[in-house]
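First the structure, in the form of C-alpha coordinates, and then the observations on it.
Position 1 is the first residue of the sequence; numbering continues from there.
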Amino acid sequence: MYKRQVLYIGDGFVDIPVMEKVGLSIAVNNADDAVKSQSDLITLKNGGEGVLKEVAKFILLKQNKYDNRVIFIYLSFDGIMPAKRRVLL
(Lines give C-alpha, C1' and ligand atoms only; values in the text may rest on other atoms or scores of the structure.)
Protein backbone atom coordinates (compact mmCIF):
# COMPACT_ATOMS: atom_id res chain seq x y z
CA MET A 1 0.00 0.00 0.00
CA TYR A 2 1.23 3.47 -0.88
CA LYS A 3 0.62 6.55 1.28
CA ARG A 4 -1.33 8.12 -1.58
CA GLN A 5 -3.87 5.31 -1.11
CA VAL A 6 -4.53 6.20 2.54
CA LEU A 7 -7.27 8.54 3.75
CA TYR A 8 -7.16 9.90 7.29
CA ILE A 9 -9.81 11.84 9.19
CA GLY A 10 -8.88 13.91 12.21
CA ASP A 11 -9.91 16.73 14.50
CA GLY A 12 -7.07 17.45 16.92
CA PHE A 13 -3.41 18.42 17.06
CA VAL A 14 -2.38 14.79 17.53
CA ASP A 15 -3.75 14.04 14.06
CA ILE A 16 -1.59 16.56 12.19
CA PRO A 17 1.58 14.41 11.87
CA VAL A 18 -0.43 11.58 10.34
CA MET A 19 -2.37 13.95 8.07
CA GLU A 20 0.94 15.19 6.66
CA LYS A 21 1.88 11.67 5.55
CA VAL A 22 -1.27 10.33 3.87
CA GLY A 23 -2.68 10.74 0.40
CA LEU A 24 -5.90 12.45 1.49
CA SER A 25 -6.40 14.16 4.84
CA ILE A 26 -9.84 15.21 6.01
CA ALA A 27 -10.76 17.36 8.99
CA VAL A 28 -14.21 17.31 10.53
CA ASN A 29 -16.08 20.62 10.53
CA ASN A 30 -15.60 21.17 14.26
CA ALA A 31 -11.87 20.35 14.20
CA ASP A 32 -9.28 22.75 15.53
CA ASP A 33 -8.39 25.48 13.01
CA ALA A 34 -4.80 24.22 12.81
CA VAL A 35 -6.07 20.79 11.76
CA LYS A 36 -8.42 22.30 9.18
CA SER A 37 -5.58 24.31 7.64
CA GLN A 38 -3.49 21.13 7.34
CA SER A 39 -6.24 19.04 5.73
CA ASP A 40 -7.04 18.53 2.07
CA LEU A 41 -10.79 18.57 2.73
CA ILE A 42 -13.13 19.66 5.52
CA THR A 43 -16.42 17.89 6.11
CA LEU A 44 -19.74 19.70 6.24
CA LYS A 45 -20.73 17.75 9.35
CA ASN A 46 -19.18 17.83 12.80
CA GLY A 47 -17.54 14.78 14.29
CA GLY A 48 -20.18 12.36 15.58
CA GLU A 49 -22.87 13.65 13.22
CA GLY A 50 -22.49 11.34 10.24
CA VAL A 51 -19.06 12.25 8.90
CA LEU A 52 -18.28 8.67 7.90
CA LYS A 53 -21.37 8.54 5.69
CA GLU A 54 -20.45 11.91 4.18
CA VAL A 55 -16.92 10.78 3.34
CA ALA A 56 -18.01 7.40 2.00
CA LYS A 57 -20.54 9.10 -0.28
CA PHE A 58 -17.89 11.58 -1.46
CA ILE A 59 -15.45 8.80 -2.34
CA LEU A 60 -18.05 6.67 -4.10
CA LEU A 61 -19.31 9.67 -6.10
CA LYS A 62 -15.75 10.50 -7.20
CA GLN A 63 -15.33 6.87 -8.33
CA ASN A 64 -18.73 6.82 -10.09
CA LYS A 65 -19.77 3.98 -7.76
CA TYR A 66 -22.34 5.75 -5.59
CA ASP A 67 -25.48 3.81 -4.75
CA ASN A 68 -27.80 4.50 -1.80
CA ARG A 69 -27.81 0.79 -0.97
CA VAL A 70 -24.03 0.85 -0.44
CA ILE A 71 -24.24 3.83 1.92
CA PHE A 72 -26.68 1.86 4.07
CA ILE A 73 -23.92 -0.67 4.75
CA TYR A 74 -21.63 2.11 5.98
CA LEU A 75 -24.40 3.45 8.21
CA SER A 76 -24.75 0.09 9.91
CA PHE A 77 -21.14 0.43 11.12
CA ASP A 78 -21.41 4.12 11.99
CA GLY A 79 -21.89 3.56 15.72
CA ILE A 80 -18.66 1.55 15.94
CA MET A 81 -16.33 4.26 14.69
CA PRO A 82 -14.82 6.70 17.23
CA ALA A 83 -16.24 10.21 16.72
CA LYS A 84 -12.82 11.73 16.08
CA ARG A 85 -12.31 9.51 13.03
CA ARG A 86 -15.54 10.33 11.19
CA VAL A 87 -15.24 12.30 7.96
CA LEU A 88 -17.09 14.76 5.70
CA LEU A 89 -18.50 14.85 2.21
(Q) According to a hydrophobic-cluster definition based on side-chain heavy atoms being under 4.5 Å apart (Ile, Leu, Val, Met, Phe, Trp, Tyr only), do Y2 and M19 belong together? (A) no
Q. Nearest heavy-atom pair of A31 and G10: which atoms, and what distance?
A. CB-O, 4.1 Å
Q.
Checking the side chain of N46 only, and the main-chain atoms of N30 only, is there a donor and an acceptor separated by less than 3.5 Å?
A. yes
(Q) Does L44 form a side chain to side chain contact (heavy atoms under 4.5 Å, CB included) with N29? I'd like the steps, not just the answer. (A) CA-CA 6 Å; L44 297 174; N29 192 42; over 6 Å; no
**Q.** From K3 atom NZ to E20 atom CD, the distance as rounded to the nearest 0.5 Å
**A.** 10.0 Å
Q) At what distance, to the nearest 0.5 angstrom, does CG of D40 lie from CD1 of I26? A) 8.0 Å
Q: List for me each residue that meets side chain to side chain donor-acceptor pair (under 3.5 Å) alongside D32, sequence neighbours excluded, and say none if there are none.
A: none
**Q.** Spacing of I16 atom CD1 and K21 atom NZ [to the nearest 0.5 Å]
**A.** 13.0 Å
Q. So do V55 and L41 actually touch side chain to side chain, heavy atoms under 4.5 Å?
A. no
**Q.** Contact check, side chains of V28 and K45, non-hydrogen atoms, under 4.5 Å
**A.** no
Q) What's the spacing between K57 NZ and L52 CG if we round to 0.5 Å? A) 13.5 Å
Q) Do the non-hydrogen side-chain atoms of Y8 and D15 ever get within less than 4.5 Å of each other? A) yes
